[in-house]
Amino acid sequence: MDDVHVHEVAIVGAGFGGLGMAIRLKQDGTDDFVVIERGDDVGGTWWANSYPGCQCDIPSNLYSFSFARNPNWDRAYPMRDQILDYLRDCAERYGILPHTRLNCELLAATWIADAQHWELETSTGPLAARVLVAAPGLLSEPSSPSLPGFERFRGKAFHTARWDHSDDLTGKRVALLGSGATAVQVVPEIQPRLAKLHLFQRTPPWVIPHMDHAVTHAMRELYRRVALLQKLSRASIYALRETMVVGITRDRRWLKGQELNARLHLRRQVPDPELRRRLTPDYEIFCKRIILSSEWYPAIQAPNVALVSSGVKEVREHSVVDGDDVEREVDTLIFATGFKPAELPIAERIRGRDGSSLAEVWGGSPQAYLGTTVTGFPNLLLFYGPNLNLGHSSIVYMLESQIAYALDALRTMRLRGAAEFEVRPAVQAAYNAQLQERLADTVWNTGGCGSWYIDRNGRNSIQWPGFTFEYRRRTRRFDAESYRLAAPVRQPAAFAAPAA
Ligand SMILES: Cc1cc2nc3c(=O)[nH]c(=O)nc-3n(C[C@H](O)[C@H](O)[C@H](O)COP(=O)(O)OP(=O)(O)OC[C@H]3O[C@@H](n4cnc5c(N)ncnc54)[C@H](O)[C@@H]3O)c2cc1C
């Protein structure tokens with residue numbers, strides 16, 4: 001690796017996190033960085049999820065970069081294609097594409113203590129960087145249950161995050177597993193063209209009416225001319241959503257209004273009391289992500305849909321046998337079964353100061369300081385890392401907070417002539433102890449649902465337990481006193497050889 005140029009920063013992932021970091025880095029005057037992305041386009045989540053009906057569930061006046069306002073959203077909650085176009089446009093407009101290597105997967109990252117930099121092994125060759133920003137996405141590794149007999153299945157089978165567009169499913173018999181956020185978006189889109197849909201529901205979700213609406217041409221024109229208007233819209237969406245934090249983390253009575261909203265929605269859309277019973281969740285609202293849809297209940301009551309609550313007993317060559325021993329003829333099997341956020345493969349690939357991987361250090365329960373830095377892993381920034389997920393607002397807001405923190409870390413390194421930063425173990429431990437204490441009484445931990453927020457050790461390593469403005473405040477400045485900063489062991493010139 002001696003002849004490999006050492007970049008200032010290497011960024012893994014070209015979703016909102018990786019692209020946002022790259023744009024801000026460039027605006028801050030750093031040009032020596034590389035973005036690597038295993039996919040064949042930028043966009044992350046919005047590139048990978050091309051299933052019919054894919055849409056954000058936070059209005060895009062908020063779910064977008066604060067520094068790249070877009071007056072052209074044609075819906076309050078835009079569809080996947082428009083969000084993907086927005087991200088492609090940002091990558092191009094801010095000059096990130098020349099720094100980006102597509103179809104390039106990070107296979108291993110090793111901290112080289114003597115050289116004070118990261119060596120990266122990628123699918124297209126070696127790279128090196130002083131600072132590694134890992135932005136691989138929390139929801140980027142599809143999770144599918146292992147079903148008895150699945151290997152015998154002769155039809156098509158795919159996960160919603162890897163949608164197979166070679167067949168539009170017209171006239172097909174489909175088994176769809178899952179009834180979460182993705183299933184609720186997919187089913188109303190595909191149900192009308194199917195011969196039969198067997199919908200395997202493990203737990204019914206809480207569903208409230210969708211408030212989506214078209215943004216009129218006149219409104220878009222107004223946003224274009226009066227930027228302040230869109231900023232006000234962003235601010236009011238933000239403020240309204242923050243009020244939910246009180247109910248989620250402090251006083252459940254604040255969630256009762258939304259529960260009533262969901263119950264009335266179910267009553268209005270599902271007349272059959274027995275079906276209503278099967279569709280009523282037995283856990284508290286907000287324990288899992290709340291679902292927005294005005295089309296889910298009508299779609300699943302269509303004559304060609306069978307709601308199956310008994311689970312999958314076995315898969316055969318052309319059928320799925322449910323838990324009540326009913327054999328269901330199936331051409332295509334679709335997994336709308338979510339992701340593996342606490343077991344990201346990249347955690348096995350990043351090795352720190354003592355040679356251990358993140359996965360080994362975490363043992364199934366990811367933790368970091370401010371969800372961003374990890375003891376034993378110098379110059380590593382995780383986006384969006386442990387305990388930074390939200391149930392109520394825009395992840396882009398959290399990512400932008402992390403980006404500000406990361407940039408200040410780089411500035412601090414420059415100002416202080418440091419070559420390394422590593423969070424102090426006591427700081428990380430105290431932060432996580434406090435975090436878990438705060439999470440203990442939240443609806444995610446005690447609301448009676450088995451959600452992906454709780455990892456295999458029974459710990460909530462996914463959710464942020466407070467207001468997002470608290471996180472913004474805590475990440476405004478890089479708190480150097482929480483870190484061990486180390487001076488260069490060699491002169492910078494020794495590792496800043498120009499690119500070959
Ligand atoms: C269907 C869906 C809908 C969502 N809707 C919302 C919403 O409405 N509001 C909201 O706030 N959040 C939503 N989210 C969460 C969403 O993931 C985040 O908002 C945001 O897009 C995360 O951006 P990211 O850059 O961190 O990760 P991603 O967008 O997942 O990007 C990560 C990128 O890293 C790449 N990568 C991973 N590993 C490697 C590797 N080893 N080498 C190279 N590249 C790698 C991946 O290919 C991917 O392109 C949704 C998620 C999903 C799946």
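Just so you know, these numbers come straight off a predicted model, no measurement behind them. Whatever order the structure lists them in is the order used to number ligands and atoms, beginning at 1.
- In this structure, Tyr369 and Tyr405 have perpendicular ring planes: the angle between them is above 60°, well past the 30° mark.
- With respect to atom 22 (C) of ligand 1, the closest heavy atom belonging to the protein is Tyr384 CE2, 3.8 Å.
- The aromatic rings of Trp206 and Tyr283 stand perpendicular to each other, their planes meeting at an angle above 60°, with 30° marking the opposite boundary.
- Of the heavy atoms in Val396, none comes closer than 4.0 Å to ligand 1.
- Of the protein's non-hydrogen atoms, the one nearest atom 27 (O) of ligand 1 is Gly137 CA, 3.1 Å.
- At a 3.5 angstrom cut-off on N or O pairs, Phe16 counts as close to ligand 1.
- The closest heavy-atom contact to atom 3 (C) of ligand 1, among the options Trp47, Trp46, Tyr77, comes from Trp46.
- Ring planes of Tyr483 and Phe421: perpendicular class, angle over 60° (limits at 30 and 60°).
- Counting heavy atoms closer than 4.0 Å to ligand 1, residue Ala135 contributes backbone atoms (N, CA, C, O) but none from C-beta onward.
- When the options Gly44, Gly13, Gly385 are ranked by their closest heavy atom to atom 31 (O) of ligand 1, first place goes to Gly44.
- The aromatic rings of His5 and His7 sit perpendicular, their planes meeting at an angle over 60°, well past the 30° parallel limit.
- Ligand-side atoms of ligand 1 in range of Ser394: 11 (O), range being under 4.0 angstrom from any heavy atom.
- Of all protein heavy atoms, the one closest to atom 11 (O) of ligand 1 is Ile395 N, 2.8 Å.
- The aromatic rings of Phe377 and Trp118 lie parallel to each other, with less than 30° between the two planes, well short of the 60° mark.
- In this structure, the protein non-hydrogen atom closest to atom 44 (N) of ligand 1 is Arg38 N, 3.1 Å.
- Heavy atoms of other residues, nucleotides or ligands lying less than 6.0 angstrom from CZ of Arg472 number more than 12.
- For the side chain to side chain contact (heavy atoms under 4.5 Å, CB included) with Thr372, the lone residue among Val423, Leu382, Val133, Leu381 that qualifies is Leu381.
- In summary, the atoms of ligand 1 found under 4.0 Å from a heavy atom of Gly15, numbered by their order in the structure, are 25 (O), 29 (O), 31 (O).
- Judged by the shortest distance from any of its heavy atoms, Arg349 lies inside the 4.0 Å radius around the atoms of ligand 1.
- Of the N and O atoms on the side chains of Thr30 and Asp28, not one donor lies less than 3.5 Å from an acceptor on the other residue.
- Selection from Val35, Thr45, Ile11 by nearest heavy atom to atom 52 (C) of ligand 1 gives Thr45.
- Closest protein heavy atom to atom 42 (N) of ligand 1: Leu106 N, 2.8 Å.
- Annotation: Arg411, atom CZ; neighbour count of heavy atoms from other residues, nucleotides and ligands within 6.0 Å is above 12.
- Atoms of ligand 1 lying under 4.0 Å from at least one heavy atom of Cys56, given by number and element, are 8 (O).
- Scanning the protein heavy atoms around atom 1 (C) of ligand 1, the nearest turns out to be Tyr51 OH, 3.5 Å.
- In this structure, Phe339 counts as a contact residue of ligand 1, since one of its heavy atoms falls inside 4.0 Å of the ligand.
- Using 4.0 Å as the threshold, Cys104 has a heavy atom nearer than that to some atom of ligand 1.
- Annotation for ligand 1: atoms under 4.0 Å from non-hydrogen atoms of Ser393 are 11 (O).
- For atom 33 (C) of ligand 1, the nearest non-hydrogen atom from the set Glu105, Gln185, His392, Glu37 comes from Glu37.
- Regarding atom 8 (O) of ligand 1, its nearest protein heavy-atom neighbour is Asp57 N, 2.6 Å.
- Ala181 does not count as a contact of ligand 1, since none of its heavy atoms falls under 4.0 Å from the ligand.
- Between Trp163 and Tyr51, the ring planes are tilted. Angles from 30° to 60° get that label.
- Under the 3.5 Å distance criterion, the side-chain polar atoms of Gln428 are matched with a main-chain donor or acceptor of Thr375.
- Of the options Phe383, Tyr397, Tyr63, the smallest heavy-atom separation from atom 18 (C) of ligand 1 is shown by Tyr63.
- Inspection of the Glu242 and His392 side chains reveals an N or O donor paired with an N or O acceptor under 3.5 Å.
- In terms of protein heavy-atom proximity, atom 24 (P) of ligand 1 is closest to Gly17 N, 3.8 Å.
- Sparse packing is recorded around CD of Glu92, with 12 or fewer heavy atoms of other residues, nucleotides or ligands lying under 6.0 Å away.
- A donor atom on one side chain and an acceptor atom on the other are not found under 3.5 Å apart for Asp85 and Gln82.
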